[in-house]
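First up is the structure itself, then whatever we jot down about it.
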Amino acid sequence: MALTREDILDAVRQLQEDDDLLLEAARALLGERVLRKLATRAPDVFDTLRRFILTEELLQLPAEFREFRQQVNERFDRLEIDLAGFKQETRERFDRLETDLAGFKQETRERFDRLEARQDRLEAGVDELLKWRQGEKARRDGLDYQRRVIKRAWRTFGGGEGGCPDENPEVAYQIDQWLATAGIDGNTIDPRSDPQEADLVWWKGRKVAVVEISLKVNGDDVERARLRADTLRQAGLDAIPFVIGTEWAHPETPDNARELGVEWRIGSEVSDGLREFHAYTP
């Protein structure tokens, strides 16, 4: 006999009144096949069943996750934008730093070059000053030595008279008289040959010592003494060239003096010609 609608509804009422029976019926009916049918043909029933099983909190998770993912994506997008901006700003700062550093290096190089140039000029100036001081000291030492030699000329030459033509007008006048008497125009004499330029002119009668004085006697001192003595010889005087100093400037200078007939007193050493002049009495 076929079941009627009333039979089914009556069976449903009996199931609802008996929980155990209802549970057994549910186990028998709610298989995979039935659930699939409910999902497609009775979505409201399936949705009610799904909400009951999963609870509202679990059902909201996908939406919340999508929202969370959206937020994360948006944050990542903003982070990428911020990072891109940071990278750009960092790049620009680094470029500015490189530019500033290049400018600083260039400026430092230029300052260093100027400092080096100033240092070079300063060193050159110091060198020139040292050379000037050395030269000035040598000149003063030479002048002091020359004054001492002139002051002691009477002792050195064993009497007589004379002095430095530049400092003693009487000596300069005497030289001009000798030259004028011999008809020699003193204005035409080369300075290296002019006895007025000698450091010391000392005489005993017609015997005259023409002297060049240096701390270190060199070949030029020897040559000037000879030339200036030759000028007075041309004036008819017995002129003898002398050099006086503390030492020879070069090893060959004594031989040069002997070849030119120049007498000397170097330190405590004296030549035979100086001894003869010292002993000479007019």
Side-chain angles (χ1 to χ4, degrees), residues 54-150 164 166-167 190-194 197-199 212-225 227 243-257 266-267:
L54 297 178
T55 72
E56 191 66 28
E57 289 79 4
L58 291 177
L59 291 173
Q60 291 177 0
L61 284 178
E64 292 177 355
F65 180 76
R66 285 193 299 271
E67 183 181 358
F68 172 74
R69 185 174 63 181
Q70 179 66 26
Q71 293 177 358
V72 170
N73 289 337
E74 291 176 356
R75 289 184 180 180
F76 268 114
D77 291 340
R78 289 196 300 271
L79 181 61
E80 285 185 347
I81 294 173
D82 294 342
L83 182 60
F86 175 74
K87 289 172 64 178
Q88 179 64 25
E89 183 180 357
T90 301
R91 179 71 260 176
E92 292 174 355
R93 288 184 178 180
F94 186 75
D95 291 341
R96 289 196 298 270
L97 180 61
E98 281 190 327
T99 302
D100 294 343
L101 182 60
F104 175 74
K105 289 172 65 178
Q106 179 64 24
E107 182 180 357
T108 302
R109 179 72 260 177
E110 292 174 356
R111 288 184 177 180
F112 186 75
D113 290 341
R114 290 195 297 269
L115 182 60
E116 279 190 329
R118 290 178 182 176
Q119 183 177 355
D120 291 340
R121 291 195 297 270
L122 180 60
E123 289 179 351
V126 171
D127 289 341
E128 291 180 2
L129 180 60
L130 288 175
K131 290 179 181 178
W132 178 83
R133 288 185 61 186
Q134 291 173 353
E136 184 66 13
K137 183 177 184 302
R139 186 186 70 83
R140 291 181 179 180
D141 290 345
L143 288 175
D144 290 343
Y145 179 73
Q146 181 176 315
R147 293 189 190 98
R148 291 197 300 272
V149 170
I150 293 172
C164 175
D166 279 344
E167 298 176 357
D190 182 84
R192 288 179 61 81
S193 300
D194 191 350
E197 300 295 329
D199 293 329
E212 293 299 311
I213 304 170
S214 295
L215 285 170
K216 293 184 177 182
V217 176
N218 58 33
D220 192 54
D221 296 320
V222 171
E223 179 68 14
R224 291 198 311 274
L227 291 173
V243 289
I244 296 178
T246 59
E247 60 181 311
W248 298 107
H250 308 288
E252 65 274 11
T253 307
D255 293 335
N256 186 28
I266 302 297

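Heavy-atom minimum distance, Leu227 versus Arg192: CB-O, 3.6 Å. Residues Gly219 and Asn256 approach most closely at CA-ND2, 4.0 Å, considering heavy atoms. Across all their heavy atoms, Tyr145 and Ser214 have their closest contact at CE2-O, 3.9 Å. The two residues Thr253 and Val222 make their nearest non-hydrogen contact at CG2-CG2, 4.0 Å.
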Check the pair Asp255 / Glu252 against side chain to side chain contact (heavy atoms under 4.5 Å, CB included), numbers first and verdict last.
-> CA-CA 6 Å; Asp255 293 335; Glu252 65 274 11; 5.5 Å; no

Worked verdict on Arg148 versus Asp144 for salt bridge (Lys or Arg N to Asp or Glu O under 4.0 Å) = CA-CA 6 Å; Arg148 291 197 300 272; Asp144 290 343; 5.4 Å; no

Could you go through the side chain to side chain contact (heavy atoms under 4.5 Å, CB included) check for Arg224 and Glu197 one step at a time?
-> CA-CA 9 Å; Arg224 291 198 311 274; Glu197 300 295 329; over 6 Å; no

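Gln106 meets the side chain to side chain donor-acceptor pair (under 3.5 Å) test with Glu110; sequence neighbours excluded. Legend: residues meeting side chain to side chain donor-acceptor pair (under 3.5 Å) with Lys131, ordered by chain and number and at least two apart, are absent. By the side chain to side chain contact (heavy atoms under 4.5 Å, CB included) test, Arg139 pairs with Glu136, Leu143, sequence neighbours left out. With sequence neighbours left out, the side chain to side chain contact (heavy atoms under 4.5 Å, CB included) criterion links Asn218 to Asp220, Asp221, Ala249, His250. Residues satisfying the side chain to side chain contact (heavy atoms under 4.5 Å, CB included) criterion with Leu122, sequence neighbours excluded, are Val126. Every side chain to side chain contact (heavy atoms under 4.5 Å, CB included) that Glu107 has, sequence neighbours left out, goes to Arg111.
Here the straight-line distance linking atom CD1 of Ile266 with atom CD of Glu247 works out to 9.0 Å at 0.5 Å rounding. In this structure, CZ in Arg91 is found 5.5 Å from CD in Glu98, a value given to the nearest 0.5 Å. To the nearest 0.5 Å, atom CZ of residue Arg121 and atom CD of residue Glu128 are 12.5 Å apart.
In this structure, Thr246 contributes its side chain and Leu215 its backbone to a donor-acceptor pair below 3.5 Å.
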